[in-house]
Visitor: 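This structure is in structure tokens; I'll ask about it shortly.
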Amino acid sequence: MFAHIDVNSFYASCEKVFRPDLDNEPIIVLSNNDGCVIARSQEAKALGIKMGHPYFQLSAQFIEQHNIQVFSSNYALYADMSNRVMETLERLTPAIEIYSIDEAFCQLATHSPSLELEQIGKTLKDTVKQHTHLAVGVGIAPTKTLAKLANYAAKKWQKTQGVVDLSNRIRQHKLMAITPVEEVWGIGRRLAKQLNVLKINTALDLAKLSPHEARKKFNVIVERTVRELNGESCLTLDNIHEPRKQIICSRSFGEKVTELEVMQAAICNYTAKAAEKLRHDKQYCKHITVFIKTSPFVPNSPYYSNYSSEVIAATNDTRELLTAAQNILQRIWQPNKHYQKAGVILNDFCDNETNQFDLFIDHHKKTRNGDLMQVIDKINYSHLGKIFFASQGVNGQWHMKQNRLSPAYTTRIADIATVKL
DNA sequence: TCTGGGGTCCTAGGACCC
DNA sequence: TCTGGGGTCCTAGGACCC
């Protein structure tokens with residue numbers, strides 16, 4: 001039996017935890033560069049603010065009229081709060097898969113009678129609330145897809161009080177019959193459209209499709225979804241954390257970039273950041289891509305987007321990656337353009353054991369480089385200050401907008417809230 | 001003026017091998 | 001008229017997720 005747990009309006013709720021004065025106020029959280037709305041409190045949703053809506057299109061009047069509180073994304077806060085939620089769940093269940101920053105699947109004992117399952121769900125919910133002040137929804141079912149669906153119901157219907165036990169086959173059918181097919185996990189907008197053409201409108205319609213047909217008309221993922229909806233568990237709990245296969249570091253610029261030197265500094269910063277992540281994962285990469293693009297939204301101005309890659313000897317040394325990244329940038333840079341965004345992608349990873357060495361380099365030197373990177377990371381993770389490469393530049397003209405950032409309440413000593421008596 | 005960032009998996013088709 | 005069979009590896013593109 002699986003339990004699916006996710007935090008209600010996660011980013012918005014994190015902002016509220018340390019601002020009890022905002023308890024019943026509408027609040028929204030913006031994407032990087034203060035671009036789009038990516039989280040909304042219940043009150044903001046009620047005002048009709050849509051997920052992904054460009055922030056600049058919300059009028060100042062509208063915001064003032066409803067007293068909407070606006071926040072830039074504060075990932076230091078969200079990541080720390082996420083850890084607290086996950087640690088709580090880890091302590092309460094035999095096994096857990098952390099699926100995203102605000103979601104997890106937990107394993108439950110299969111022999112539990114129904115009443116007990118619901119009780120377990122309540123305990124999970126209440127304990128997370130007690131530990132973190134965050135409200136979660138809990139869905140319980142014999143497959144992951146059904147557990148997700150149960151959680152959808154837990155959110156949608158108040159009287160469930162945030163916990164739905166969907167272990168019963170009849171209840172599964174009842175819920176599926178009134179759930180639009182696009183709410184099913186793995187069915188996105190495009191698939192939903194294609195399914196609707198075939199008169200498959202609800203989750204139950206999809207469940208009634210034969211797995212064979214699902215495979216033939218669509219693909220193996222849809223087939224698995226059909227089986228899962230029918231109680232056949234195809235997706236297991238992934239509790240061993242696989243290392244990631246790709247690292248992307250990209251940002252939109254606060255102001256459009258027109259100078260090569262500014263772009264170089266930005267690219268070097270993204271590269272250094274990506275390399276740091278790579279070393280943190282104890283991995284090496286053999287492929288690096290750099291991309292730059294102008295805004296696709298400016299009328300009468302041709303959109304330019306380009307990327308290029310280099311294959312390199314396996315490395316996680318920032319200097320080698322910086323050299324490659326700068327070479328690539330030279331190839332794709334075009335002057336007289338207003339660049340809106342750029343990024344660096346690392347691919348083709350290997351670990352130390354499977355790392356094939358370059359025939360033409362001095363391996364003793366290579367080891368010493370590894371030591372140097374370790375020292376840099378150690379300094380930067382400590383509170384001693386930060387060190388960086390000269391190519392990263394010092395004036396940060398390319399930095400993203402973050403005008404409404406809340407304090408790092410839980411991760412920076414100076415930002416810890418004080419209580420006045 | 002202003003429109004996010006970071007991932008995964010699957011498939012078809014091309015290129016190659018014997 | 002008629003031109004094999006069985007593979008692997010790689011990549012781009014499409015779909016999905018949060």
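None of these values were measured; they are calculated from a predicted model.
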Visitor: Counting only pairs under 3.5 Å, give me each side-chain donor-acceptor contact of residues 388-396 of chain A, with atom names and distances, residues two or more places apart or in other chains.
Guide:
| residue | atom | partner | partner atom | Å |
| --- | --- | --- | --- | --- |
| A:Gln392 | OE1 | A:Phe389 | N | 3.0 |
| A:Gln392 | NE2 | A:Asn269 | OD1 | 3.0 |

Visitor: In residues 188-202 of chain A, which ones come under 4.0 Å of DNA chain C, going by heavy atoms?
Guide: A:Gly188, A:Arg189, A:Arg190, A:Leu191
Visitor: Report the secondary structure of DNA chain B in dot-bracket form, marking unpaired bases with a dot and bases paired to a different strand with |, and treating Watson-Crick or G-U pairs with both distances under 3.5 Å as paired.
Guide: ....||||||||||||||
Visitor: Can you list, in residue-number order, the parts of residues 230-266 of chain A that come under 4.0 Å of DNA chain B, counting heavy atoms only?
Guide: A:Arg244, A:Lys245, A:Gln246, A:Ile247, A:Ile248, A:Cys249, A:Ser250, A:Arg251, A:Ser252, A:Lys256
Visitor: Please, which pairs that meet side-chain hydrogen bond (donor to acceptor under 3.5 Å, both in side chains) have at least one residue in residues 225-240 of chain A, sequence neighbours excluded?
Guide: A:Thr145-A:Glu228, A:Arg169-A:Asn230, A:Glu223-A:Arg227, A:Arg227-A:Glu232
Visitor: Taking 5' to 3' order, which nucleotide of DNA chain C is first and which is last to have an atom within less than 4.0 Å of a heavy atom in chain A?
Guide: C:dA15 to C:dC18
Visitor: Kindly write out the residues that satisfy side chain to side chain donor-acceptor pair (under 3.5 Å) with A:Asp80, not counting sequence neighbours, or none if the list is empty.
Guide: A:Arg84, A:Thr410
Visitor: Taking only residues two or more places apart in sequence, or in another chain, which ones meet A:Ser305 in a side chain to side chain donor-acceptor pair (under 3.5 Å)?
Guide: none
Visitor: Distance-only criterion, 3.5 Å: show the donor-acceptor pairs between side-chain atoms of residues 50-62 of chain A and protein atoms not counting sequence neighbours.
Guide:
| residue | atom | partner | partner atom | Å |
| --- | --- | --- | --- | --- |
| A:Ser59 | OG | A:Phe62 | N | 3.0 |

Visitor: Among residues 337-344 of chain A, which ones have heavy-atom contacts with DNA chain B below 4.0 Å?
Guide: A:Gln340, A:Lys341
Visitor: Once salt bridge (charged side-chain N to carboxylate O under 4.0 Å, His left out) is applied, do any residues pair with A:Lys208, and if so which ones, sequence neighbours excluded?
Guide: none
Visitor: Would you mind listing every side-chain hydrogen bond (donor to acceptor under 3.5 Å, both in side chains) that reaches into residues 120-137 of chain A, with sequence neighbours excluded?
Guide: A:Thr88-A:His131
